[in-house]
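Heads up: numbering here begins at 1 and tracks the sequence. Order of appearance sets the numbers: ligands from 1, and atoms from 1 within every ligand.
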Amino acid sequence: MDRIFTIAGPCSAESESQLLRTAEALRDSRPDYFRAGLWKPRTKPGCFEGMGEKAIPWMQRVREVTGLRICTEVACREHVEACLNAGFDLLWIGARTTTNPFLVEEIATALEGSSIPVFVKNPASRDIVLWEGAVERLMAHGIKDIGLVHRGFPSFGETLYRNAPEWQAAARMRSAFPGLRMICDPSHIAGDSRIVPEIAQQSLDLGLDGLMVECHVNPGEALSDTAQQLTPEAYKAMLAGLNVRRSDADEDDYRNRLSELRSRIDVYDDAILDALARRMEISREIGRIKKEHNVSILQLSRWDEIMERALRAGRTKGLSEEFVRSLFEEIHKASAASQK
Ligand code: PEP
Ligand code: MN
């Protein structure tokens, strides 16, 4: 298995012994960095807000004892200064902070001149421009080693996830900054330790470069994010079960087969576009006839008929109902618009 980049450790630093026991148990899995939140940005007051600077020597002790590099979340200038002075190996900007350009600017200024790697989590709002802006602010202050953490986006109402993965947002960010490493934080997407492994697998299937996973020696007693933290044993089992695909391969046979299949796909794509263009032409013609006879554009019974026909044909060809339905909804929308 190819090795992936990993950050593992508890949501929060709670005590020296919790950190040491967790790190010792994780050492076997060789994470690239050991994480723990010192300052916890909590959505509601009254929750555990972290041990703050008091936990810095505990993290240093973890590094001394286990040899693991250490990282934490920073949310303002004071945090950055304290961590740089303490020799942290990596810092990250949390989802709530990424939403705030004033704080990001303050952090970027405080980081100036340092070569520490800095990861930026996606904002805790569905606005990826804020994510891009945070990265641009760091770049403008000369920060060179920048990474991205996809931790999902909040959504209204009950969903399967604590934060919806919205993979397309990760893909957009990926194309905006193709040179930056992007890892997934399946813990904050899941909110539930039972579904962390499947989200981790999905992120690797989509080509992300690694994982940040919350692990606690005793998740049931964690002071924050109790439900989503894995035990170090469960983390090790998850890594062993992950299928890490290579992003590319050199073998001639592989390349030849892939390039043949890709050209076949291109042929079908052209045919699809061609058929859509012809369909649209007919649809415009229908529009003209309706106008001549002063008939409304949208005739629901005809629309039902088209959809039913498409679903039936799709079923016989093994296409999913959901796919056919959304495809024809789009086609119908474009075709109705062309008749205006
Ligand atoms: C965390 O990593 O513990 C954390 C607070 O995450 P996020 O900023 O993604 O909510
Ligand atoms: Mn957390």
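Under the 3.5 Å distance criterion, with hydrogens and angles disregarded, a donor-acceptor pair is assigned to the side chains of S224 and S12. Using a 3.5 Å distance cut-off with no hydrogens or angles, the side chains of Q339 and S283 do pair a donor with an acceptor. D225 and H188 form a side-chain donor-acceptor contact under 3.5 Å, judged by distance and modelled atom types alone.
Nearest to atom 5 (C) of ligand 1 among the protein's heavy atoms is E73 OE1, 3.7 Å. The protein atom (non-hydrogen) at minimum distance from atom 9 (O) of ligand 1 is R151 NE, 2.6 Å. The protein heavy-atom contact nearest to atom 4 (C) of ligand 1 is H188 NE2, 3.4 Å.
Shortest distance from the Mn ion (ligand 2) to E214 is reached at OE2 (N/O/S atoms only). Closest approach between the Mn ion (ligand 2) and any N/O/S atom of D225 involves OD2.
Y33 and F119 have their aromatic ring centers separated by at least 6.0 angstrom.
Contact check on E233 versus K236 returns no salt bridge, with no Lys/Arg side-chain nitrogen under 4.0 Å from an Asp/Glu carboxylate oxygen. Look at R21 and E24 and you find no salt bridge, because none of the NZ, NE, NH1 or NH2 atoms lies under 4.0 Å from a carboxylate O. A salt bridge does not link E49 with R42: none of the charged nitrogens is closer than 4.0 Å to a carboxylate oxygen. In this structure, D266 does not pair ionically with R262, as no charged nitrogen and carboxylate oxygen lie closer than 4.0 Å. One finds a salt bridge joining E285 and R288 here, because a Lys/Arg side-chain nitrogen approaches an Asp/Glu carboxylate oxygen to under 4.0 Å.
Heavy-atom contacts of E214 reach the following atoms of ligand 1: 1 (C), 2 (O), 3 (O) (cutoff under 4.0 Å). Shown in contact with G94 at under 4.0 Å from a heavy atom are these atoms of ligand 1, numbered in order with element: 8 (O). Atoms of ligand 1 lying under 4.0 Å from at least one heavy atom of K40, given by number and element, are 1 (C), 3 (O), 5 (C).
Between R162, R96, R35, it is R35 that holds the heavy atom closest to atom 2 (O) of ligand 1. Looking at M212, R42, K121 and measuring to atom 7 (P) of ligand 1, the nearest heavy atom belongs to K121.
Draw a line from the Mn ion (ligand 2) to SG of C11 and another to NE2 of H188, and the angle between them is 170° (to 10°).
Under a 4.0 angstrom heavy-atom cut-off, C11 registers as being in contact with ligand 1.
Between A95 and ligand 1, an N or O atom pair is found at a separation short of 3.5 Å.
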